[in-house]
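Notes for the one structure printed next.
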There are 2 protein chains.
Amino acid sequence: MTATSAAKRGIPDATVARLPGYLRALDGLVAQGVGSVSSEELATSSGVSSAKLRKDLSHLGSYGVRGVGYDVGHLRYQISRALGLTQDWPVAIIGMGNLGRALASYGGFAPQGFTVVAVLDRDPAVVGQRVGDLVVQPMEVLPSLTEGGQVAIGVIAAPAASSQDVADQLVAAGFSSILNFAPGVISVPDHVQVRKVDLATELQILAYHEQRRTSPGADLEVAR
Amino acid sequence: MTATSAAKRGIPDATVARLPGYLRALDGLVAQGVGSVSSEELATSSGVSSAKLRKDLSHLGSYGVRGVGYDVGHLRYQISRALGLTQDWPVAIIGMGNLGRALASYGGFAPQGFTVVAVLDRDPAVVGQRVGDLVVQPMEVLPSLTEGGQVAIGVIAAPAASSQDVADQLVAAGFSSILNFAPGVISVPDHVQVRKVDLATELQILAYHEQRRTSPGADLEVAR
DNA sequence: GACTGTGAATACGTTCACAGCT
DNA sequence: AGCTGTGAACGTATTCACAGTC
């Protein structure tokens with residue numbers, strides 16, 4: 001219904017959402033040449049409690065050594081494998097406005113196993129322009145991207161008004177995972193995974209807490 | 001400890017996170033000239049179940065009418081008020097790389113009650129450049145932004161390597177809410193709210209589900 | 001008759017605290 | 001002695017289902 005349609009016999013959603021954080025912390029340790037960590041140390045560098053970390057890792061298997069800790073390299077590999085990052089995931093970005101360009105140029109995915117293989121826009125004036133190493137392609141190429149059975153993740157960076165339209169085209173082309181940066185809800189068939197990133201929502205959540213700081217008990221008030 | 005340090009006698013976190021979605025759906029209805037909605041209709045346009053919607057709204061008060069539904073304008077106002085959006089929130093963005101520029105130029109906040117009032121960068125070569133309507137300022141101006149007691153929300157769009165440094169400067173300048181786009185954890189004092197938006201994390205979560213689709217029961221396997 | 005608001009039931013997530021292994 | 005892995009306890013979120021109101 002909403003976002004994640006419950007995984008049958010898999011890793012709990014809350015845990016999956018934290019695994020990338022552990023992975024990043026482990027990469028930091030690898031870079032520092034650290035070979036082994038305790039749950040306490042790894043938890044601190046990931047910003048969680050050690051009990052939560054251990055529970056999370058216990059869902060992947062028993063990869064620690066009692067009395068010692070976790071082997072950094074091995075744990076890193078196991079988390080990668082659990083997340084499906086032993087393969088590289090090609091990604092297509094739709095919508096080459098400010099945000100789309102920023103995402104396309106941002107080097108942040110590549111090291112994590114994601115490669116932007118195509119950038120598209122429906123505006124003929126934008127098609128053909130260079131963005132980073134790529135040339136903007138028209139929407140018509142979408143179906144060809146999924147042909148090898150490879151590209152499966154689409155990123156919607158189009159304006160809200162056309163996000164449902166883009167989502168429909170992604171689904172029709174055979175994409176099964178969508179990361180949506182456009183505000184608002186998009187509806188897709190059950191078998192398609194959608195995740196949403198929304199700036200305005202995040203700011204509004206911060207505003208709520210910020211406001212509570214200054215006017216504490218403004219809960220029950222004259223309702224008009 | 002982690003992110004949200006539990007609200008005393010407030011609206012549940014999960015509810016707060018969904019209110020912006022309801023607000024957006026209500027704005028759509030206002031634009032269509034609709035004056036009244038049922039929980040079922042509003043839930044559908046917000047992508048949640050009607051029971052969840054009603055429970056969420058019940059935390060704000062009783063603003064519906066049994067047998068009828070909710071008055072769109074009044075509910076919109078009540079949610080705005082609960083979120084603290086009856087005032088406008090000035091925002092400062094730190095880091096004018098690709099992402100920072102995209103965020104600064106993105107018009108998406110303004111209608112929601114957020115105004116980007118300052119954009120900063122620590123690189124002297126970037127300081128002075130125009131980004132949208134603003135001129136990039138040096139980091140030194142940070143403390144002056146909070147002087148009127150006004151600017152309280154800072155957006156970190158700097159690279160991961162300097163995100164902790166930027167966070168420290170925001171905290172020192174008196175910011176009490178931070179939206180962090182840089183990968184990795186930042187640590188701040190308890191009274192500072194932090195929310196994180198991380199691309200790579202979202203893609204990794206999608207990859208997990210995507211991988212499960214293709215290789216279903218790859219859970220217990222030879223552990224090396 | 002229609003639709004809200006909510007207690008009760010259930011599911012999910014986190015924390016505690018300790019048994020079990022090295 | 002040190003640290004993991006995990007059952008049991010607790011807390012939070014979601015769903016159900018219906019009493020209450022218009």
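All chains are named by letter (A, B, ...) in the order of the sequence lines, taking the proteins before the strands, and each is independently numbered beginning at 1. Quick caveat: nothing in here was measured; it's all calculated off a predicted structure.
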Legend entry - Side chain of B:Pro12 - closest among D:dT4, C:dT14, D:dA13: D:dA13
Legend entry - Candidates C:dA17, C:dG5, D:dT15 - which lies nearest the side chain of B:Ser58: C:dG5
Contacts under 3.5 angstrom, residues 65-73 of chain A side chains, donor-acceptor by atom type, not counting sequence neighbours:
residue	atom	partner	partner atom	Å
A:Asp71	OD2	A:Gly73	N	3.3
A:Asp71	OD2	A:His74	N	2.8

Please check: side-chain N/O of [X] versus main-chain N/O of [Y], any donor-acceptor pairing under 3.5 Å?
X	Y	value
B:Thr15	B:Ile11	no
A:Ser162	A:Ala158	no
B:Arg18	B:Val48	no

Legend entry - Steps toward side chain to side chain donor-acceptor pair (under 3.5 Å) verdict (B:Arg54, B:Ser39): CA-CA 6 Å; B:Arg54 289 202 302 278; B:Ser39 63; 3.1 Å; yes
Please list, for nucleotides 20-22 of chain C, all pairs of protein and nucleotide N/O atoms separated by less than 3.5 Å.
residue	atom	partner	partner atom	Å
C:dG20	N3	A:Arg66	NH1	3.3
C:dT22	O4'	A:Arg66	O	3.3

[atom1] of [X] versus [atom2] of [N]: gap in Å, rounded?
X	N	atom1	atom2	value
B:Asp71	D:dC22	CG	P	16 Å
A:Lys55	C:dC18	NZ	P	15 Å
B:Asp13	D:dT14	CG	C1'	15 Å
B:Leu53	C:dG5	CG	C1'	12 Å
B:Arg54	C:dT4	CZ	P	6 Å
B:Leu19	D:dA13	CG	C1'	15 Å
A:Leu57	D:dT6	CG	C1'	13 Å
A:Asp56	C:dC12	CG	C1'	13 Å

Legend entry - Nearest heavy-atom neighbours spanning A:Ser46 and A:Tyr22: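 Where A:Ser46 meets A:Tyr22 most closely, the heavy atoms are OG-CD2, 3.5 Å.
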Inset, instruction - Work out how much the helix from C:dG1-D:dC22 to C:dT22-D:dA1 bends between its end axes, five pairs an end, to the nearest 10 degrees. - result: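 It works out to 0° between the end axes.
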Inset, instruction - Please state whether the phosphate of D:dG5, meaning OP1 or OP2, lies under 4.0 angstrom from any side-chain nitrogen or oxygen of A:Tyr70. - result: yes
For a quick test of your reading: what N or O donor-acceptor pairs under 3.5 Å do the side chains of residues 165-177 of chain A make, sequence neighbours left out?
residue	atom	partner	partner atom	Å
A:Asp165	OD2	A:Gln169	NE2	3.3
A:Asp168	OD1	A:Gln164	NE2	2.8
A:Ser176	OG	B:Glu210	OE1	3.0
A:Ser176	OG	B:Glu210	OE2	2.7
A:Ser177	OG	B:Glu210	OE1	2.5

Legend entry - From A:Tyr77 atom OH to A:Leu85 atom CG, the distance as rounded to the nearest 0.5 Å: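 Atom-to-atom, A:Tyr77:OH and A:Leu85:CG are 11.5 Å apart.
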Inset, instruction - Give, for atom CG of A:Asp13 and atom OH of B:Tyr208, the distance between the pair rounded to the nearest 0.5 Å. - result: 8.0 Å
Inset, instruction - Check side-chain contact (heavy atoms from CB on, under 4.5 Å) between B:Pro90 and all other residues, then give those that pass, not counting sequence neighbours. - result: B:Val117, B:Gln150, B:Val151
Inset, instruction - May I ask you to check whether B:Arg76 and B:Ser80 show a side-chain donor-acceptor distance below 3.5 Å? - result: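 Note: B:Arg76 and B:Ser80 side chains meet the donor-acceptor criterion.
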Legend entry - Interface with DNA chain D, restricted to residues 34-41 of chain A and to heavy atoms under 4.0 Å: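 A:Ser38, A:Ser39, in order of number.
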